[in-house]
Structures are given as structure tokens and as C-alpha cells.
Amino acid sequence: MEQYKSREIEAKWQGYWEAHPELCQANDSSDKPKKYILDMFPYPSAAGLHVGHVESYTATDIVSRYWRAKGFNVLHPQGWDAFGLPAENYAIKTGVHPDFVTHENIKNFTRQIKSLGMSYDWSREIDTSSPEYYKWTQWFFLFLYENGLAYKKKAKVNWCESCQTVLANEQAEGGICERCKNPVVQKDLEQWFFKITDFIEQNKNTAGLLEGLDKLDWPESIKAAQRNWIGKSEGSEIDFKIVGSNLKIKVFTTRIDTIFGCTYCVVAPEHKTIQELKGRIENWPEVEGYIEKTKSKTDLDRMEAKEKTGVEVKGVKVVNPFNDEEVPLFIADYVLAQYGTGAVMAVPAHDERDFEFAKKYDLPIKKVVSPERIPMGKDCFTDDGILINSQEFDGLKSEEAREKMTKWLEEKGLGKKVINYRLRDWLVSRQRYWGAPIPIIYCEKCGEVAVPKEDLPVVLPTDVDFKPTGESPLANSKSFHEVKCPKCGGEARRESDTMDTFVCSSWYYFRYADHVNDEEFAAKEKIQKWLPVDLYVGGAEHAVLHLLYARFFTKALHNLGYIDFDEPFLKLRNQGMIMAEDGRKMSKSLGNVVNPDDAVAGFGADSLRIFEMFMGPLEDAKPWNTQGIVGVRRFLERIWRLQEKITDEESKGVRALVHKTIKKAGEDIEMMKFNTAISAMMILVNEAEKNGIAKDSYGSFVKILAPFAPHIAEEIWEKLGNAESIFASAWPDYDSGLIKDEEINLVVQVNGKMRDMLKVGADIGQDGAKAAALESEKIRVHVAGKEIRKIIFVPGKLLNIVV
RNA sequence: GCCCGGGUGGUGAAAUGGUAGACACAAGGGACUUAAAAUCCCUCGACCGCAAGGUCAUGCGAGUUCGAGUCUCGCCCCGGGCACCA
């Protein structure tokens, strides 16, 4: 017979699908039940598609094709997260315009994705860098602005000298610029923020970012990462009066139970009370010197400092409200200005940082918590325990003490219970060119004015020198920058910053529901129809960036009555990383990157798809293995050759196996266990090869194969005499009567150890099974001369005789 | 340090508390061939045994159970995230 020519078959069917887009289009007016299955849309990089993209796109493609065949109206779109720094950096280096580069890359990505036979609804393609799209990104900015959720303030921000831009905290983790790996410095600049912190806890009837996680079907690790990032901590705020003044230092602590061990206080160098105390500070030049030194340090310097440093603020004492003890005050950069009150009480006996500092500067260490079991051995004991040296609080457990002491404070008006979060408002402005312009105008008379919504989009000019100068490139475009005030018509200037690209990706999943709407970001009834997303698949690296921001946008819309759900993605799965064949991460510098184009050329798209699904569970990291893809190719060739094994009289065994496999494949796809679905199909192919397969069974098998290997499935389906695409046909039903085995292998154990296996009727009862077992010589050997104490019987499966 | 995952053959991996290693890859042997490729058949956790069969075995140690890879506790190792957050 004819060989399996994957290249020809794949080209043929890709052409067919291109001509029949209705096979995978979502239908806005159908009343079938819906499924919204979404991939994290890619940034169209110059490197092109990665085998990791292929993995997650194949997974969602299988699920989408499955639900379509099951009669669902499936929305499975794709688009481009097209704004961003790499294209701009490339432009700075080569002078090629980011718009051109980005669209070349999009063309390449599209070609690659289509070469894999993905069933996207391309009619809904979006591109975040198109004015039709970013008009609505700007609308979202104004929506948040009008509702008090976007504001401008002068702030200490992360600044990257090399990229010449401000960075979000998330892009400056560890004090290093995510893009260029250079250290980040702090700068005071006017910046735009989104008030994400308004949604950490429940806000009116909108569930908070924290509690909302509980009901989501997401990987535990991602939920944990988000909780971690939000960093909720419950504690107390305590007033320490400054001796001889009506000023006070407010400190934040989660360990108020240790307050009798407080031997000094520390404030961050940036703390403003220090400036107010200037006149009283005896060693002002030294203090000021330390403050200046801190300012010049990058976050990285501060974090990498091996030893804690600080300066005593001489002439200033603060009072511990619990025992009226006067303790010294220090400034030190190990205390962070941005967290809590920027001031801490130091308890060296029960906090390692304070301990280290106290040792260095020879400060007293006073133990006030004693371990419950083991006697106190270490110098610094940081766990909870029993209070000692704490006056009337002696003998209390830490937890009780915290409650009672906070109450005591509140009664005296010296402090209160507070909750602090690490999460801060999201800094969204960027001094960059290749992004959505912020729709704000500054007028000398009227001040900050929102661009009227009817004037959107504020179009990104194309004739701009995008070389970074520290100011937004847009500031240099006169035509863009000089504008009339929308309120008074007077001279005004446009905001020249653009938005963080994460703003574009915070709402794109709404746009697919109604991607050409020019009146709204998406019509209410379309949102109602398609959202929320039923399944979202993408990389785990977006745990705290995109996924948190998108939830914030959805919550803001819900809170203000635009939508009636408050979580965008009900079910989330991460694809595991595909490692190189050598077990290391794929990277350009190691030269071990596998290009999907090469795999498609060498083995075919169907082989690549099945191989990536067969490697192991979707979420696991797993190494590439060229031999493995060869094996999958062989599997497809055997499926192909089954055309020669079609018989009129099919064996009972094969018929039953076909139905079992239909059941198993469907269940496994729903659980996203693609590897075991494929192994079940392999078992069927092995049997069919040996015993032949009936034409209708072969057709059913090809249908369940189709989501995994759509090209070969179409070709065989056609060869079986079907005129219509296999993707217009329904998922096969299985006959549960056929699946039931008449005879089963009953495992017989003695004392929990398998000793024999008996072929018996499937409906055998305990007594019958026991009788049959005792007839077996293998069993009798182990039971002889002993008293049977107990019989465990699992119908249809197992008999355990306990002697 | 804290928070998540994981540790099963030579390899990727299967296994609602019920036959550990399905399905593959690699390896070895054989058939076909002048030969090779392709294809097909057999073997394939370790140890003892001619075999039947037996013993051991899912990172280590305990526990629960008739029965534990799976549940509980303690430890070791690996991967990932966060980290001077008071």
C-alpha cells in the first residue's frame, strides 16, 4: 500500500482547514453549551516558536477539538502580546522600527502555529499593538482613573540605568533588572499607579485577591506564590513616645509578645521623623552622612551587605509603653522604609536580625520568651514560647500574650491591631516608546485632564526617535506632545509615558469575545456568553505578574458593575518545562535548543504533537528525546497500515477494546492526562494489528486519535470513504455493555500477598470466590493447617485470605 | 530561613488503599535480506533456581491497615518560588 507521507498529508489538510475556517470557529449565536479554552498569548519574539509553546498549544488544541466533537460551542482564539521591550531594544540597536519587526515576527509565529495544525479561531485574532486594540487599553486606564483606581504620585521607583526606564517591583526582583540583569537604582519620579491594593481583601461584593484563590482550580504552587507575593501579615502598631517631645515613632511588629525584650528601636534612613528631629540630634552630621550614603546605594547593595550597619540617633530616646523604659534609637538600612511603618522595635533575644545588630553595636539582649520544651540554649530564640520577665504577662503563651497585649495597648490608646501587606500598588508608567500611550493631558490651567473617551485612541506616532534618553521618546515628538486642552482649549501637553505591557495583557481575554467592537471593549451579552475562561494554560513564570494583574482587572470590572463574575480564569494549568536532551535548560548559549520547525520537517507535525503529549504529565518538566519522537512516528505508521488490517469479522476482544479505549481517551482528555490516553490508543493498535479491526471500529478509533494527530486522522477518515471533515463528526459513543468483562482475573492473596490469579465469572460472589480459591493448589500450600481468621473480598477484583 | 512540588527499572513513565513497573525508548537475541535499512518475533528490576516457584524491591526510618508507591509522623536528597517584609 501507499506509504504514510506526513509532509503531503499535512500540507493537504492545512490547506483544507484554511478553506474551511468554520470547523473551528466559535459561534456567537449558537445555543449549545460553551467552553472557553485559552492559551496565554505569546510575545512574538524574534526567536520564534519554542517547543514549550508547542506543548501547551497542543494540550489546549486537543481539549478544544474534544469539546467541539462532544457538541460544545468552543471559543479557542489566539493573538499577540505585541508591545514590549525586546522589539524596542532591537530597534535601538539596528534602527529597524519595532512595528515592522513585531509584525515580521507575528508572520513567522503564525506560519509556525499553522504548520502544527492548531485549530484556533483565527477570525478573532488580536494584536495589542494595533490602535483598534490599544484604544481599549487606554479606555481601561481611564476607567480606572475615573473610579479612583489610577493615580499619579511622586515615588521612589526602580530605575534601570541601562534600559533607561522605570520598572515594576515584579520586574526588579532582587534589585536586578529583569531585562538586562543590571542593578536597579532608586529614583524619585512622578509615576502612574493602579490601586491593586484596594482588592487584596473583599471590596463591597467583590471577593478579594487573597480569598478568591480558594475557589479556583489552579495549581497549588501558583496560589501559594500569589499568597506569598501579597504577603499578608497580622500584627500590632505600637507608639513609642520620643522623650521630651510630643512626637512619636510608630513601630510595626508581629511579635508584640516579645516587647519586654525591646532594648532599642530602629527606623529606616528615609523615615521622615528623623528630619523633624534634626535640631535635637547631637550627631546630626553622622546621621545625615548615613542617610546620604543609603540614598546612593542600589537595592542590590543594600541586600548584599554582609554586615548590618547603622547609626545611633544621639540625643533622642524613645519609650517602651509597656514598661516605660527609655531605649536608644538607631537608623539602619536593614529596616525597609516601604514596609509597615518604616520603624521597628528591636528585640535581639528573639529576632536574628536584631541579634546580629545588637552583637555588632554591643547593645543589651534581654530574654523574655522561654521555649516550651527544650531549655533555652541558643542566644537567639525566634519561636513562640512562654513569656518571662514580662510583668503581668509572665506565664502566658506567645499567642495568648499577643492578643492580651494588643488589647492592653488599644485600651490605653497606645496602639492597635494592624494588617500589613507586601503587595504595593502597581506602577504602570514606562518611559518607553513601544507601548500604549497613557491618555492624559496636562493643561496649565486645568491641570491633569483625561482624554475624552471619544478621542481615543491616542495614537502612537510612528515618526519618533525611540532611542532612550531618560524621558519618554514620545516627549520628543512635537506633533504628539503639543496638544489643546480638551477642557479649556488652551495650550497643553500630552502625557508622554506609555503603559506597562502587562496592562495590555490584563484584559485581552475579554476582547476575544467581541474583538471588532468599536463601541465597547466587549459587549455585555458577548461577555456573558463566553466568559469566564474555562481552561487557561501557560507557563508558571506568570504566577505573580500577569495572573495577579488580570485578576485585579476582572475584580475592578465586577466591583463597578460591568460584569457578574470576579475571577477571570476558573481552571489553570501550567505546562512543565521541556528540557534539552542533555537534561539542562534549553538555551541559545548552550546551543541545545530544539526548533519545532526542524521537528516538523523531520517527523511531521502529528508526530511532534503526540510525542510532546506522550512524554509525561503536562505539568512535569521533562527532557527532549529524539529517539522518543522516532518511536511516535512509528506508532503513526502502524496506525496508517491498519488500513490493510480491516476485516469484516472483528474479534470480540478487539471490539471490546475499541469501546474501552473510547471511554478511556475521553476521560483522560477531560483530566488532561494525555500521556495515558495515548498509551491506551497504542494498546488498541497493538491488538488491532494482530487480530484485525472492523471498518466502523477503525473509524471510531481515528476519531479519538483526531484531536492528537489531526492530519493523519483526516486522511484516514477520507480514505474510509467519508466526504466530510472528521472534525464535523461527533465524538463516538461507547457501549457500556461491551466494556463489561464476562470473565475477570481474580487476584487471590494470603495475608495480603498475591499467591494466585483465577479466571472466574465477573459476577462471582464471596463464597464462590472463596471456594474457587481453596481449590487452588497454590493457595492451599499457604493455608494448609491454619485457621482462616478473616476473608476480605473486593467484588470483581480480589480475595484476601487472612490466616 | 519560609512556602510549593518531587524522589518508582538503563531512560521517559503507569498504577480509585488491592497483580508495582502498563505504554514507550534504549539494549540484547532471532527471522527476513547478498547486505543494510525498514518490518516482524522473543528477552529485558535484582537475587536464588533447569523449571515450577521463591525472596527482595517504589529515597531512609517508624506507624495505621487484612493489604501501603499511594494514608500519618520523623528524617535525607533534588527542583521551583519568595526572602533583611520585623
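Chain identifiers are assigned alphabetically (A, B, ...) following the order of the sequence lines, protein sequences preceding nucleic acid strands; residue numbering begins at 1 within each chain. Hydrogens, waters and symmetry mates play no part in the numbers below; they use all other heavy atoms, side chains included. Just so it is clear, the structure is predicted and the values come from calculations on it, not from any experiment.
Between A/Ser233 and B/A86 there is a side-chain polar atom (N or O) within less than 4.0 angstrom of OP1 or OP2. A/Tyr339 has a side-chain polar atom (N or O) that falls below the 4.0 Å cut-off from OP1 or OP2 of B/A86. When the side-chain nitrogen and oxygen atoms of A/Lys622 are compared with OP1 and OP2 of B/A13, none of them lie within a distance under 4.0 Å. Under 4.0 angstrom from either OP1 or OP2 of B/A15 there lies at least one side-chain N or O belonging to A/Lys673. Taking side-chain N and O atoms only, A/Lys797 has no distance below 4.0 Å to OP1 or OP2 of B/G18. Taking side-chain N and O atoms only, A/Arg755 has a distance below 4.0 Å to OP1 or OP2 of B/G54. Residue A/Arg634 has a polar side-chain atom (N or O) positioned under 4.0 Å from OP1 or OP2 of B/C25.
No hydrogens or angles were tested; on distance alone, a donor-acceptor pair under 3.5 Å links the side chain of A/Gln749 to the base of B/G18. In the interface, the side chain of A/Lys308 is paired with the base of B/C84 through a donor and an acceptor atom under 3.5 Å apart. Side-chain N/O atoms of A/Asn800 and base N/O atoms of B/C66 include a donor-acceptor pair closer than 3.5 Å.
Nucleic acid contact class of A/Ile683 (heavy atoms, under 4.0 Å, all strands): sugar-phosphate only. Here A/Lys585 lies out of heavy-atom contact (under 4.0 Å) with every strand. If you check every strand for non-hydrogen atoms under 4.0 Å, A/Gly340 touches nothing. Contacts of A/Asn686 with the nucleic acid, taken as non-hydrogen atoms under 4.0 Å apart, involve only primed sugar atoms and P, OP1 or OP2. Backbone-only engagement by A/Met682 is indicated by non-hydrogen atom pairs under 4.0 Å involving sugar-phosphate atoms exclusively. Residue-level contact check: A/Ser221 touches the backbone only, with heavy atoms under 4.0 Å from sugar-phosphate atoms and none from bases. Counting non-hydrogen atoms under 4.0 angstrom, A/Pro617 reaches the backbone sugars and phosphates but no base.
No close placement of the A/Phe611 and A/Phe603 rings is indicated, their centers lying 6.0 Å or farther apart.
Straight-line distance between the C1' atoms of B/A22 and B/G12: roughly 13 Å, to the nearest whole Å. Comparing the same atom, C1', in B/A62 and in B/A68 gives a spacing of 14 Å after rounding to whole Å. Using P as the reference atom, B/G69 and B/U16 are 14 Å apart when rounded to the nearest Å. B/U72 and B/G5 are spaced 12 Å apart, taking the P atom of each and rounding to whole Å. Distance noted for atom P between B/C77 and B/G61: 16 Å (whole Å). Taking the C1' atoms as reference points, B/G28 lies 41 Å from B/C75, given to the whole Å. Taking atom C1' in both B/G18 and B/A83, the straight-line distance is 45 Å, to the nearest Å. B/G49 and B/C56 have their C1' atoms separated by 15 Å, given to the nearest Å.
The closest side-chain donor-acceptor pair between A/Tyr361 and A/Glu356, if any, does not fall under 3.5 angstrom. In this structure, a donor-acceptor pair under 3.5 Å is present between the side chains of A/Arg633 and A/Ser6.
Note that CZ of A/Phe793 is 6.5 Å distant from CG of A/Leu799, once rounded to the nearest 0.5 Å.
In this structure a side-chain-to-backbone donor-acceptor pair under 3.5 Å is missing from A/Asp384 to A/Ser398.
At a threshold of 4.5 Å between non-hydrogen side-chain atoms, the residues A/Ile331 and A/His271 do not count as touching.
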